[in-house]
Amino acid sequence: MHNLHTIYEKLVEFFGYQRWWPTFSKNKKEKFIEICVGAILTQNTAWKQVETAIKKLREKNLLNQEKLEKVSFAELSSLIKNTGFYKEKARKIKAFINFLKKNPYEKLKRLKLEEVRKKLLSVYGIGNETADAILLYALDKPSFVIDNYTKRVFSRLLGIDFKSYEEWKDFFESNVKKDTFIYKEFHALIDELAKNYCKKKPICKGCPLNDLCKKNFK
DNA sequence: CGCCAGGGCCTCA
DNA sequence: TGAGGCCATGGC
């Protein structure tokens, strides 16, 4: 049993609450769509690129189910071009919108986490991380999100290295209090640490977790 | 110029 | 079930 809460609290103290997922939309359903689309667009892509693409979609008033269904593949892919893998991502967004026709927001909110997770994973372009991001940030269900940043930070920090996504997820879910707010913040804070300090080439000077880190790069 | 970014699918052992 | 190739643009 690792006390991950000590790490969590140090991160909160250092970076402050992150209030993820960052969105422009205020309307509840638009926000839902924006988070899901953003989760697809950010696959292996810097968030900065996603912001500009989301802004373009928003300016064209495309951030709703009906419009995203109608918009042509060519227009959609051109609007998200800057995020890379743009044809793949346009296809993925279309697949997700199609999924929503049979599984609207209200239904997903009502269903149990595991049931929704299984459904999401069956959609083209939604893998483990994207599914968990949608569950946690778009549907407010306590599903811990594992990304490459999480693996990098914690393999250095604790000297652990699990093989599968499920093992990583289980590790966090069995060692962190099952709380949607904490799951959201913890993941966001891990990413913040990874972007600013625990980079591929780590910058250990000034890292808030220096005294806890096994690697202790100097 | 090369490396990297809030992954996932497909193929092939 | 795991490793490797592929998708691709933009920031630094």
Side-chain angles (χ1 to χ4, degrees), chain A residues 8 11 15-24 31-57 73-99 117-139 141 143-157 161-170 172 176 180 182-203:
Chain A
Y8 172 68
L11 290 173
F15 290 111
Y17 288 126
Q18 302 297 300
R19 304 288 171 187
W20 271 21
W21 190 279
T23 52
F24 295 108
K31 196 176 248 184
F32 170 73
I33 296 288
E34 185 180 332
I35 294 171
C36 295
V37 169
I40 291 170
L41 292 181
T42 199
Q43 290 174 0
N44 204 38
T45 301
W47 180 253
K48 182 110 182 154
Q49 304 301 330
V50 180
E51 277 189 322
T52 53
I54 290 278
K55 194 174 287 181
K56 279 190 244 173
L57 292 172
F73 182 87
E75 187 179 359
L76 178 58
S77 56
S78 83
L79 287 169
I80 63 174
K81 188 166 186 178
N82 70 300
T83 67
F85 310 129
Y86 59 96
K87 292 197 284 284
E88 279 283 303
K89 286 173 180 174
R91 184 183 163 198
K92 291 174 180 180
I93 290 170
K94 284 291 192 183
F96 178 71
I97 293 300
N98 188 49
F99 164 80
R117 191 166 197 277
K118 197 178 295 180
K119 283 176 174 292
L120 287 171
L121 289 175
S122 73
V123 180
Y124 177 81
I126 299 186
N128 285 309
E129 189 198 328
T130 308
D132 287 328
I134 291 173
L135 284 165
L136 182 61
Y137 293 105
L139 294 167
K141 295 181 189 288
S143 200
F144 205 94
V145 181
I146 306 294
D147 58 3
N148 283 326
Y149 285 158
T150 310
K151 294 176 186 170
R152 188 167 76 207
V153 167
F154 279 85
S155 60
R156 286 172 179 168
L157 198 56
D161 187 21
F162 302 113
K163 294 221 163 63
S164 69
Y165 185 93
E166 292 303 328
E167 286 175 275
W168 277 101
K169 185 177 169 67
D170 286 345
F172 282 93
V176 176
T180 304
I182 295 176
Y183 278 17
K184 286 182 181 179
E185 286 300 326
F186 206 170
H187 174 68
L189 287 162
I190 290 165
D191 283 15
E192 196 61 21
L193 183 77
K195 284 182 207 170
N196 294 297
Y197 295 95
C198 209
K199 305 180 178 188
K200 229 164 199 176
K201 274 187 85 168
I203 301 172

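Heavy atoms only: backbone and side chains are in, while hydrogens, waters and symmetry mates are out. Chain A is the first sequence line, chain B the second, and so forth, proteins listed ahead of strands; every chain is numbered from 1.
A straight line from NZ of A:K89 to P of B:dG7 spans 9 Å, rounded to a whole angstrom. Rounded to whole angstrom, the span from the OH atom of A:Y86 across to the P atom of C:dT9 amounts to 5 Å. The distance from atom NZ of A:K92 to atom C1' of B:dG7 is 6 Å, rounded to the nearest whole Å. Separating the CD1 atom of A:I146 from the C1' atom of B:dG8 is a distance of 17 Å, rounded to the nearest angstrom. Between A:N148 atom CG and B:dA5 atom P there is a gap of 8 Å when expressed in whole angstrom units. Nucleotide C:dG2 holds its P atom 14 Å from the CZ atom of A:F162, rounded to whole Å. When rounded to the nearest whole Å, the span between CD of A:Q49 and P of B:dC3 equals 19 Å. The separation between A:K195 atom NZ and B:dC4 atom C1' is 13 Å, rounded to whole Å.
Within 4.0 Å (heavy atoms only), A:K163 reaches sugar-phosphate atoms of the nucleic acid but no base atom. A:G84 comes within contact range of at least one nucleobase, with a heavy-atom separation under 4.0 Å. Across all strands, A:T130 comes closer than 4.0 Å only to sugar-phosphate atoms, never to a base (heavy-atom distances). Residue contacts shown for A:I126 are limited to sugar-phosphate atoms, with no base heavy atom under 4.0 Å away. At a threshold of 4.0 angstrom between heavy atoms, the contacts of A:K48 with the nucleic acid are absent.
Residue A:N128 places no side-chain N or O under 4.0 Å from the OP1 or OP2 atom of B:dG8. The phosphate of B:dG7 (OP1 or OP2) has no side-chain N or O of A:T45 nearer than 4.0 angstrom. A sub-4.0 Å separation between OP1 or OP2 of C:dA8 and a side-chain N or O of A:K87 is present. Between A:R152 and B:dA5, a side-chain N or O to OP1/OP2 separation shorter than 4.0 Å is present.
A 3.5 Å limit on both hydrogen-bonding distances identifies B:dC4 as the Watson-Crick or G-U partner of C:dG10.
Of the possible donor and acceptor atoms, none in the side chain of A:S122 sits under 3.5 Å from a partner among the backbone N and O of A:L120.
When distances run from any side-chain atom of A:E88 to the nucleotides C:dT9, C:dC7, B:dG8, the shortest one goes to C:dC7. You'll find that the side chain of A:E129 is closest to B:dG7, out of C:dA8, B:dC10, B:dG7.
Interatomic distance, A:L41 CG to A:L57 CG, rounded to the nearest 0.5 Å: 7.0 Å. In this structure, A:D147 CG and A:R152 CZ are separated by 9.0 Å, a value rounded to the nearest 0.5 Å.
For the pair A:K200 and A:F85, nearest-nucleotide mapping onto DNA chain B gives the more 5' position to A:K200. Along DNA chain B, the nucleotide nearest A:R91 and the nucleotide nearest A:A46 are compared for position; the residue whose nucleotide lies closer to the 5' end is A:A46.
For C:dA8 and B:dC10, the P atoms lie 14 Å apart once the distance is rounded to whole Å.
Contact check on A:D161 versus A:K151 returns no salt bridge, with no Lys/Arg side-chain nitrogen under 4.0 Å from an Asp/Glu carboxylate oxygen.
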Which is it for A:Y197 and A:V153 under the side-chain contact (heavy atoms from CB on, under 4.5 Å) test, yes or no, and what are the steps along the way? CA-CA 10 Å; A:Y197 295 95; A:V153 167; over 6 Å; no
